Amino acid sequence: MVKEKLFAKMSRKKIVAGNWKMNLIAQEAIALVEAIAQLKQNNTAVELMVFPPAIYLQALKHTSLKVGAQNFHPAEKGAFTGELSLNQLKDVGASIVLIGHSERRELFLESNSFLKEKVDAAFAHKMPIIFCCGEPLSIREAGTALEFVTLQLTESLFHLSPVQMVDVTIAYEPIWAIGTGKTATVEEAEAMHKGIRAAIEAHYQSSVIADSVSILYGGSCNATNAAELFACPNVDGGLIGGAALDAASFIAIANAF
Ligand code: PEP
């Protein structure tokens, strides 16, 4: 059993993803992607990907890094002023999307049911996803973080078939740790990642499915704390905000594996 678990951990995809949010202008975005690609060298142990502002996707189309979109609208097309569809994002080079980042949930009021529509739209387009989940501080302090996160997964993700579920990447990002410099402890991160895996196993009645899903940690992860977080048995990489805006620290995080 221990051997099987170790094998699952080894065979799960290791990912370090940079969420650039609403930062940088074109020249800076191009320079950053080039610097990351150059520093990356032969590190094949971990898949690197970046999520620039969508207007720069086209300019980054030819990079060797995987490039994704931070947001999209689930409709095919139509009267959604200011939004972008999956077809449009694919057209300019996005090959993966974030869904449910806490800033989308909190600032733009995206609900679990709306996020479910996004999940379905992405699967209809065969677009890989990183599904973000995580609790606010009040829920953490109330001691109900795992229940809160499990509900997010249940209402947006667990309608997927087992075959679809193995293709999902999850990012656990406690909201109180995002951009605050306050990282979850390794014990807190591991406990939640283990809990998420147990919730997948319970729902799909399958440890194979649960062991196949990569679960990333996000929230003030940096070059100093990445190694201890990534050493946790259930942590398969990181979704990085602030520290992803500097090529050297982003690569140092990737090299923490
Ligand atoms: C994020 O917003 O996804 C994130 C993890 O941000 P930071 O690393 O800056 O906390």
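Remember, it's 1-based here, ligands and their atoms both numbered in the order they're listed. Note that this is a predicted model, so its numbers are computed, not measured.
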In this structure, atom 2 (O) of ligand 1 is nearest to the protein heavy atom Lys21 NZ, 2.5 Å
Closer than 4.0 Å to some heavy atom of Gly219 - which atoms of ligand 1 meet that? 5 (C), 10 (O)
Gly219 backbone acceptor or donor facing Tyr217 side chain under 3.5 Å: yes
Atom 1 (C) of ligand 1: the protein heavy-atom neighbour that sits closest, reported with distance to 0.1 Å: His101 NE2, 3.2 Å
Among all residues two or more places apart in sequence or in another chain, which pass the side chain to side chain donor-acceptor pair (under 3.5 Å) test with Thr180? none
Exam field: side chain Ser220 to backbone Gly181, donor-acceptor pair closer than 3.5 Å: yes
For the 3.5 Å polar cut-off, considering only N or O atoms, please tell me whether Cys221 and ligand 1 meet it. no
Return a table of donor-acceptor pairs under 3.5 angstrom between the side chains of residues 29-37 and protein atoms on other chains or two or more places apart.
none

Ala244, Pro174, Gly179, Gly134: member with heavy atom nearest to atom 10 (O) of ligand 1: Gly179
Which part of Ala177 is near ligand 1, with near meaning a heavy atom under 4.0 Å away: side chain, backbone, both or neither? backbone
Indicate yes or no: does an N/O atom of Glu173 lie under 3.5 Å from an N/O atom of ligand 1? yes
Indicate whether any N or O donor in one side chain lies under 3.5 Å from an N or O acceptor in the other, for Trp20 and Gln70. no
Going by distance only, is there an N or O of Ala243 that falls short of 3.5 Å from an N or O of ligand 1? no
Geometric N/O contact Ile240 with ligand 1, under 3.5 angstrom: no
Parallel, tilted or perpendicular: ring planes of Phe158 versus Tyr204, cut at 30 and 60 degrees: perpendicular
Atom 9 (O) of ligand 1: the protein heavy-atom neighbour that sits closest, reported with distance to 0.1 Å: Gly242 N, 2.9 Å
Determine, using the 4.5 Å side-chain heavy-atom cutoff (strictly less than), whether Leu57 and Ile129 are members of one ILVMFWY cluster. yes
Going by atom types alone, do His125 and Lys90 pair a side-chain donor with an acceptor below 3.5 Å? yes
Quick note on ligand 1: atoms under 4.0 Å from a heavy atom of Leu239 include exactly 3 (O), 5 (C)
When you measure from atom 8 (O) of ligand 1 to every protein heavy atom, which one gives the shortest distance, and what is it? Gly241 N, 2.8 Å
Below a 4.0 angstrom heavy-atom separation, can you tell me which part of Asn19, side chain or backbone, both or neither, approaches ligand 1? side chain
